[in-house]
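Reading through the structure tokens given below for one structure.
We number each residue from 1, following the sequence as shown.
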Amino acid sequence: MALGLSRRAGADGDRGRAAHRLFQAEGLALTLPVLLLPALLLPLLLLGAGPALAQGGALPAPVPAQVACPPRGTPLVRVSVSDPDPRILPPVSAEQLRRLAEVPEETHGQGTVLHHLGLTLSRVEWRSEITVRSQGPSEGPVCGLPSEVRLSLVHAEHSIRLAREIPRNGCLAREVLAHERRHAEVNRRTLREAAEGLRAAARNWAARAQAQAPDAGGAALLLQEDLTAAVEPVLARLRAAREEGHDAIDTPQEYRRLGRVCPADQRRLSLRFGAH
């Protein structure tokens with residue numbers, strides 16, 4: 001059968017003083033009529049984190065006078081990962097899956113509709129906290145250095161849903177769920193790998209970073225902006241690794257295999273979609 005693969009991108013969202021949204025959804029889709037071959041939908045929000053301003057507003061104006069910086073020492077860098085097991089949520093209709101994936105209704109060949117059989121939602125945030133040591137006259141300006149950097153990668157949402165039209169607890173449901181779990185494992189593996197990259201990038205950054213500002217708060221904001229830029233290459237590699245991992249799963253061979261399995265369930269599914 002013919003396959004449909006779609007992708008989308010959207011805007012980042014910030015939460016708290018330094019929380020950045022990175023990713024969104026993957027899913028499984030198929031067209032009818034003909035044998036029901038699932039096609040993976042990958043509308044991942046693979047976006048870079050924007051500036052993290054702890055107190056909001058514009059960055060402070062440049063300070064014309066330079067002041068001496070405090071002793072640097074060895075900054076402490078901590079990186080943590082929060083990655084609970086993906087949740088298996090109750091099934092919803094194929095149409096609801098399409099809406100959850102935020103993709104338009106698609107047709108493929110002779111007006112047949114692309115139906116979505118499964119959806120994996122993955123929302124990842126990276127969060128940061130910087131402790132700043134500053135030095136300068138009481139009225140300013142000051143020079144600020146990072147004395148401690150805390151970074152965390154958080155799988156804020158990771159869930160799998162199947163289409164309600166798939167026969168419950170049957171052969172096809174198990175195959176679709178197994179397919180989705182492979183994509184969930186790509187999400188988790190690349191998250192762990194990114195944590196190591198963040199640790200190295202943050203250590204290199206903390207060893208050289210400094211900021212001149214009117215006061216300590218302004219120095220902290222400038223350092224946060226600089227840290228965001230320093231870790232962006234790591235996040236770019238994370239996005240690329242996820243894309244590569246998902247593409248390695250969604251091969252023509254895998255589509256053909258899925259098109260041959262569970263013929264009885266696929267016939268029942270075809271009748272259910274045909275009745276709508």
When you look at R237 and T190, which way does the side chain to side chain contact (heavy atoms under 4.5 Å, CB included) test go after all the steps?
CA-CA 9 Å; R237 290 194 293 272; T190 54; over 6 Å; no
V67/Q212 under side chain to side chain contact (heavy atoms under 4.5 Å, CB included): CA gap, chis, key distance, verdict
CA-CA 7 Å; V67 296; Q212 301 276 335; 3.3 Å; yes
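Heavy atoms only, all atoms of each residue included: E165 and A94 are closest at OE1-N, 3.0 Å. Nearest heavy atoms, P86 versus R188: CD-NH1, 3.8 Å. Smallest separation of non-hydrogen atoms from C69 and Q135: O-NE2, 3.6 Å. Contact detail for L153 and V124: the closest heavy-atom pair is CD2-CG1, 4.4 Å.
Side-chain atoms of S93 and Q96 include a donor-acceptor pair closer than 3.5 Å. In summary, the side chains of N187 and H155 do not present any donor paired with an acceptor at a separation below 3.5 Å, with no hydrogens or angles considered.
For the pair V186/R189, a side-chain contact is recorded, criterion being any heavy-atom separation below 4.5 Å from C-beta on. Contact of the D250 side chain with the H179 side chain is registered, since non-hydrogen atoms from C-beta on lie closer than 4.5 Å. In this structure the side chain of D265 never reaches within 4.5 angstrom of the side chain of I166, judged on heavy atoms.
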Atom pairs and distances, side-chain donor-acceptor, residues 142-149, under 3.5 Å, sequence neighbours left out:
from	atom 1	to	atom 2	distance (Å)
S147	OG	T131	O	3.2
E148	OE2	R150	NE	2.8
E148	OE2	R150	NH2	2.7

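Q266 places a side-chain N or O within donor-acceptor distance of the main-chain N or O of V261, the cut-off being under 3.5 Å.
Electrostatic pairing of E125 and R123 counts as a salt bridge here, judged by a charged N lying under 4.0 Å from a carboxylate O.
Note that CG of L271 is 9.5 Å distant from CZ of R268, once rounded to the nearest 0.5 Å. Annotation: the span from L198 atom CG to S128 atom OG amounts to 10.0 Å, rounded to 0.5 Å. Taking CD from Q66 and CD from Q210, the interatomic distance works out to 8.0 Å, rounded to the nearest 0.5 Å.
Shown here are the salt bridge (charged side-chain N to carboxylate O under 4.0 Å, His left out) partners of R133, two or more places apart in sequence or in another chain: there are none. Remark: R192 pairs with E185 by the salt bridge (charged side-chain N to carboxylate O under 4.0 Å, His left out) rule, at least two apart or across chains. In this structure D226 satisfies the side-chain contact (heavy atoms from CB on, under 4.5 Å) test together with W205, R208, A209, sequence neighbours excluded. Residues forming a side-chain contact (heavy atoms from CB on, under 4.5 Å) with A236 (at least two apart in sequence, or on another chain): E232, R239.
The residue from L117, L119, I249, I160 that alone fulfils the side chain to side chain contact (heavy atoms under 4.5 Å, CB included) condition with E180 is I160.
Under the 4.5 Å side-chain heavy-atom criterion for grouping Ile, Leu, Val, Met, Phe, Trp and Tyr, I88 is connected to L172 within one hydrophobic cluster.
Applying the salt bridge (charged side-chain N to carboxylate O under 4.0 Å, His left out) rule to pairs touching residues 67-76 yields nothing, sequence neighbours excluded.
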